[in-house]
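Let me begin by presenting the structure, written as structure tokens, before commenting on it.
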Amino acid sequence: MDFALSWEQTQLKEAAAGFLAALPSARDLLEGRGTLEDPAVWKRVAEEQGWPAILVPEEAGGFGFGQVELSVVFEEFGRTLTSCPLLGTAFATALLLECGDAQAQERWLGAIAAGEPAAVVWSGISAEEGPFGWTLEGQGVAVDGGMASLLVIVAPQGVFVLPADLADRTRVPHLDPTRPSVGVSVSAVPAERLTVDGLERARMRCESLLASEAVGAAEATLQLAVDYSRVRTQFGKPIGSFQAIQHICADMLLAVESARSAAWYAACAIDAGADDAREAARTAKAMACDALFHCAGQSIQVHGGIGFTWEHDCHLYFKRARSVMDLLGHPREHRAAVAQTLLGDA
Amino acid sequence: MDFALSWEQTQLKEAAAGFLAALPSARDLLEGRGTLEDPAVWKRVAEEQGWPAILVPEEAGGFGFGQVELSVVFEEFGRTLTSCPLLGTAFATALLLECGDAQAQERWLGAIAAGEPAAVVWSGISAEEGPFGWTLEGQGVAVDGGMASLLVIVAPQGVFVLPADLADRTRVPHLDPTRPSVGVSVSAVPAERLTVDGLERARMRCESLLASEAVGAAEATLQLAVDYSRVRTQFGKPIGSFQAIQHICADMLLAVESARSAAWYAACAIDAGADDAREAARTAKAMACDALFHCAGQSIQVHGGIGFTWEHDCHLYFKRARSVMDLLGHPREHRAAVAQTLLGDA
Amino acid sequence: MNLSFSAEDEAFRQEVRAWLDEHMVGDFARIRGRGGLGDMDAFVDERIAWERELAGGGWTCLGWPTEYGGRGASLFEEVIFYEEYARAGAPGRVGHVGEHLLGPTVIAHGSDAQKARFLPGIVAGTDLWCQGYSEPNAGSDLANLSTRAELRDGRWHLTGQKVWTSLAEQAQWCFALCKTDPTAAKKHHGITCLLVPMDQPGVSIVPIKQITGSSEFAEVFFEDAVTDKDNVVGPIHGGWRVAMGTLAVERGASTLGQQLAFVGEFDRIVAAAKETGAASNPLIRDRIADLHMRLKVMRLNAMRTLSAHAADRELSREASIVKLYWSVWHRDLGELAMDVLGESSAICDPRYEELHRLFLWTRSDTIYAGTNQIQRNLIAQRALGMPR
Amino acid sequence: MNLSFSAEDEAFRQEVRAWLDEHMVGDFARIRGRGGLGDMDAFVDERIAWERELAGGGWTCLGWPTEYGGRGASLFEEVIFYEEYARAGAPGRVGHVGEHLLGPTVIAHGSDAQKARFLPGIVAGTDLWCQGYSEPNAGSDLANLSTRAELRDGRWHLTGQKVWTSLAEQAQWCFALCKTDPTAAKKHHGITCLLVPMDQPGVSIVPIKQITGSSEFAEVFFEDAVTDKDNVVGPIHGGWRVAMGTLAVERGASTLGQQLAFVGEFDRIVAAAKETGAASNPLIRDRIADLHMRLKVMRLNAMRTLSAHAADRELSREASIVKLYWSVWHRDLGELAMDVLGESSAICDPRYEELHRLFLWTRSDTIYAGTNQIQRNLIAQRALGMPR
């Protein structure tokens, strides 16, 4: 038993941290130094780092690594609020992996492993089967959908894939300025239906990744608060020496470490195909999103007025915190689902 | 507009505080110095102080004072955790006042004003109408029911009154050692049915009284914590000088003062027959019980180990706090009812 | 206890209401509900015009003695005015600092010449004031000022930086706390209250962009800014008590009437919850009911405070309690505002723009005008008498 | 990451489980689940017999080196043992202080003669120890001791009072912290760890009744109690570091395995919620799910701590984090225990007696062995490096 990063995983974490630190920061992007969806950055992510290929099976041209490895990368993405856009691609990968048969995996996951960005529309679009196959109709929102060359659509009738240029896409203004969302609109557009019934498994993978991302972001907010509390002086002392500030930070640490335990375990359980993997992913999503929201809010409080300014990074984490809260299920909904398995129907 | 105790109300408050301070304390009773249900004490309460007669109309031999006056008394009862047993009698008074016609009021409220203690069974007993009138069947629990000479029974078929000696009564062991409860069992026992449909109004009065009692108790726990924090020294300073302890107590003060505002307003609204009296009573009950529970728990925390001993009064307030939480509706249920009026059906 | 307002107070309420109904028309109706907290940089020109409209009706400086152009209104009347003002959705006041901070200070501590010079412009709504208290290193520890002022050649010369100054661009005058005796043994000593004209080369203003994206506040830089030697309120080196005294009283009074503004926000969220279906979720319902109850109690607390202090207007103990209560409530409301929007809460929807703003803005409520940590310190030490 | 225990560890788990199944019978089966926190004064005689039964199986002092009669078990094995122990509902240990506090201290700091004298009785389950640390004026500020010890005529003479001592009546020995140099400049100095026989005229014991009505703890009064001059562990006047070092390590290790005991309590509450119908209330469901998740994570946190520190056994940083986490969780569980009982929650019902006890007892969890306030101080200063 070794519930810690392996040597390889630690290497991966450090490589990711190093790579991300050299990219334009969220702050840079917000102030127009670089763009959120930069094909050149994505090319480096795909070709130099190979992160889009982590989950893709070797047969489809990927590395066939596990959820744990991808989670390690996402924790670093969360810490820096990098978008890239890796999240959308990872969501699509999870759906294709769990809902695609071998042929679909080879085709579509092969494209992702080869560097095509992708994105997912989780709701708002429905499908109809006609004489010439399935067509899609409706509109939804896709995180990271602006650069995607591939769209995966979750419809009541199944999970569908299509080339992104068949859809109309428009940037959607969003509370979280560090991650682009697009509105996706389709009308009688043909799409390929994936045939394996793995939607819940795919959601579980996506929840786990969001949790890891949230853990990294939450830890960053704690670090900001602690660092500031050491240098900010009031009443002749660093504010970090006041018990009120110390206790806020101590509670943040508990939240961060506990969320990390939950997120790591979810990834492990998914890789191991454990019985409790579904619940573990819900636990991770709920606890990590709650932890991030708590920490991001408290970090503003510790910073005082400066934490409320646009110039400081506090708000970027706070907005990210609120925007991931509702992505793939509010913590409340995950608790309701866990209660259902514990207690049966209400 | 004068949202403060009047001169008369202040006199009443001081008289109650003085009277209660001279009685055996909750601690005395717990240690066997005096008894919880002492007819001699009750006689003094009824005859010297006349508190059972506060709400009773003058036509029925009472003072015809308002809910505010009775609330003032109950705040002091809460502070000292005195049982007496005035609460059961006040509950019965509220039901008789709101559900009894003039004749019933004269008979039964007259008895209460003359010094008969009473109690209420809120659930567990049902009524049946037969050729010789109504009879009762079932069992329930009555706060302060041990000494009562009069029982009021809330059944699905209406509100009923009977002489207490017609029922079997046995002391029920209870988390709260400062207020006696009895199990009441009746089988084919005749009772008089009250004819006015005032159950909700009566409940509102009773919730308001519980709220006032809780406010007094909550303030006592705050006072205990603040007093202790001034004299208890650790690390060379009184613990009350530590920010962590100060912030706990500051939050307690907010809870106490807000609960008092809510409780006073509920009593005023009832006396004024205000449109929002029903909601005001729910608000008072919910906020005061939450405040008392919060404060009683935090007071133990401020006291540290000594607060966890039987010898210290902290636990008496804590147990009272938990026991009134579920009496006449958990705060959660009152919020659900208020949500219903704000939002309609779920 | 008597919860009815007197017939006179009710008549006053009707008068306020009628005047507002009559005058909140045209351009003013267009800015209904704007310019409040979190929105203080909106429609500033219109709000300056509105300030003069108010002045024309005699509704500025209500609580000031009549000899200084006020109405000599009671604390009750002031609160009634604020309540009606909020109920009408009348726009955020640009004259706040003049009416509630500078004016009362001049009335209490100023010379006759200062009263004659400064008060009429505030009453008329023509002179706007901004507040120069906080500095980068003087936030919670406000006495830790580093803005220096020296008396040379018959004028005060100021050098330093102020932050969190609202309406700095529009104000003609700044009410600034400055260090005038850097050798004073305690840092609360050696501070002087100066009145400084804003329109001069030595004053520059840099807006601060908030997390909401708007800029309600600015940094104000004094680089050898000057003001006449007579523009001192209270004793030289004795400004700390002058500034703090007024601050405590006025922070208390001006928040007692704000509950009705919150009612509008709360109602908006309840409406959104019904629109989105969130209103059917029992956990959301529990929170809505809880916030509703606490909002009702906010007003009841205010009424108790009013009843206790209408005569002495001494609200310094209550100010911290009131601030802590409403800021926590408002923060919780801001969180609810997002939760009722459901799964697409983070997408900017013009229908719910104000809910996003509320969510973000409420994070400042637990910080400005004394953080919640400072308020709890004050409550413990002043209201509960706990040891320092 | 690898979340499987090794084959050896799994074999060890099976061995523990099998032994417990075989031996938790007869009188021992009758006291299943008893004697834990909040119940430490229950069935003491049976639990003393059980301690010897454990010793007979070689299950005491698992983590001690084999040369001192232990098994030399790894931290993993210790945790596995605690987990299985909890799963079996085996009764609360009476040998805790000897095995986890006194023994490791003697092993680390004691003389060979002390090792020979004191360790075998602990391993055999025949010598029980109690802890003499806290005093009325030394709680959070443990160094503020006033129990005095003086060396006279070849013996230590102790005078003073200890509190919160569990099993004082049954213990043969007390591990007492005493002030031996009252002139020391700092109060952490001048403290000595003494081993004191309990069965002597100078020692008297007064039980402390808790809010649960039971008496797990006692006050221990030393009135010229004596012990041999050699019964000192570690340096004279240098006992503070000796006592604290062991305390930190062992508090951490012994709590890592407790999650399974909590599982039993949680399951009991879930069952009660189903019986009473509370399980259908969405607000209760939300809290049950939340506590369930946090309980799962409690074990995950323990596994991460184990993974990080199995080799160095250095748990002082983690001890505060673990303590704060579980004590808050347990307090919340105690509140839920009442809430699932519904409107008659306060009536003592024999079926739910343990839920009442849990509710009351959990209020001590945030206090003893370092209040949550002290734990947060330690986390901030030690784990986060915030300034003192």
Side-chain angles (χ1 to χ4, degrees), chain A residues 122-124 140-141 143 172-177 179 181 183 232-237 239 242-245 247-248 293 296-333 335-336 346, chain C residues 38 134 136-144 163-164 187 207-217 219 278 281-284 287 331 334-335 337-339 341-350 352-353 355-356 359-374 376-377:
Chain A
W122 291 99
S123 65
V141 174
V143 167
V172 170
H174 202 270
L175 182 71
D176 179 358
R179 189 148 57 198
S181 290
R232 170 71 173 175
T233 299
Q234 290 282 270
F235 305 106
K237 295 193 284 192
I239 62 168
F242 289 102
Q243 211 176 18
I245 302 296
H247 287 197
I248 287 174
F293 186 74
Q298 290 290 40
S299 193
I300 293 176
Q301 186 70 21
V302 169
H303 280 82
I306 197 84
F308 193 65
T309 63
W310 189 265
E311 304 309 315
H312 197 285
D313 285 352
C314 280
H315 72 105
L316 300 177
Y317 289 96
F318 186 62
K319 290 168 180 173
R320 167 65 65 85
R322 194 58 190 74
S323 80
V324 294
M325 187 86 93
D326 277 313
L327 197 53
L328 290 175
H330 193 282
R332 195 175 55 231
E333 293 162 34
R335 286 194 293 272
Chain C
S134 297
N137 289 310
S140 291
D141 183 11
L142 186 56
N144 193 40
V163 291
W164 313 121
K187 64 188 175 187
I208 304 171
K209 192 171 174 185
Q210 276 89 52
I211 74 174
T212 49
S214 58
S215 297
E216 284 88 354
F217 302 115
E219 296 172 302
N281 180 302
L283 283 97
I284 299 283
R287 286 168 58 199
R331 187 199 59 201
E335 295 186 3
M338 294 298 291
D339 277 335
L341 292 181
E343 61 177 325
S344 56
S345 67
I347 294 170
C348 301
D349 180 331
Y352 300 121
E353 190 185 345
L355 299 196
H356 274 199
F359 169 65
L360 295 173
W361 180 262
T362 50
R363 286 292 143 171
S364 75
D365 290 329
T366 56
I367 294 171
Y368 74 83
T371 64
N372 282 15
Q373 283 70 41
I374 294 289
R376 291 191 180 96
N377 288 354

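All heavy atoms count here, side chains included; hydrogens, waters and symmetry mates do not. First the proteins, then the strands, lettered A, B, ... as listed; each starts at 1.
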field: Part of C:N377 within contact of chain A (heavy atom distance under 4.5 Å)
entry: neither
field: Main-chain N/O of C:L360 paired to A:K319 side chain as donor or acceptor, under 3.5 Å
entry: no
message: With chain A as the partner, which of C:L341, C:T212, C:T366, C:N281 has the greatest number of non-hydrogen pairs under 4.5 Å?
response: C:T366
- prompt: Which region of A:I306, side chain (C-beta onward) or backbone (N, CA, C, O), has a non-hydrogen atom less than 4.5 Å from a non-hydrogen atom of chain C, or is it both or neither?
  reply: backbone
message: Please classify the contact of C:I347 with chain A as side chain, backbone, both or neither, using a heavy-atom distance under 4.5 Å.
response: both
field: C:F217 side chain reached by C:V163 side chain, heavy atoms, under 4.5 Å
entry: no
field: Heavy-atom donor-acceptor pair, C:H356 side chain to C:S345 backbone, under 3.5 Å
entry: yes
field: Ring-ring centroid check C:Y352 C:F359, cutoff 6.0 Å
entry: no
- prompt: Taking 4.0 angstrom as the limit, do A:R322 and C:D339 come out as a salt bridge?
  reply: yes
query: A:F242 versus chain C, heavy atoms under 4.5 Å apart: side chain, backbone, both or neither?
result: neither
N/O donor-acceptor pair under 3.5 Å between A:H312 side chain and A:G307 backbone: no
Heavy atoms of other groups near A:Q234 CD, more than 12 under 6.0 Å: yes
task: Under 4.5 Å heavy-atom distance to chain A, tell me which part of C:N144 shows up: side chain, backbone, both or neither.
output: side chain
message: Please identify, among C:R376, C:R331, C:Q373, the residue contributing the most non-hydrogen atom pairs under 4.5 Å to chain A.
response: C:Q373
- prompt: Which region of C:D349, side chain (C-beta onward) or backbone (N, CA, C, O), has a non-hydrogen atom less than 4.5 Å from a non-hydrogen atom of chain A, or is it both or neither?
  reply: neither
task: Name the region of A:V141, side chain, backbone, both or neither, that has any atom closer than 4.5 Å to a heavy atom of chain C.
output: side chain
- prompt: Looking at CE of A:M325 and CE of C:M338, how far apart are the two atoms once the value is rounded to the nearest 0.5 Å?
  reply: 9.0 Å
- prompt: Checking A:S181 against chain C: side chain, backbone, both or neither under 4.5 Å from a heavy atom?
  reply: neither
Part of C:A138 lying under 4.5 Å from any heavy atom of chain A: backbone
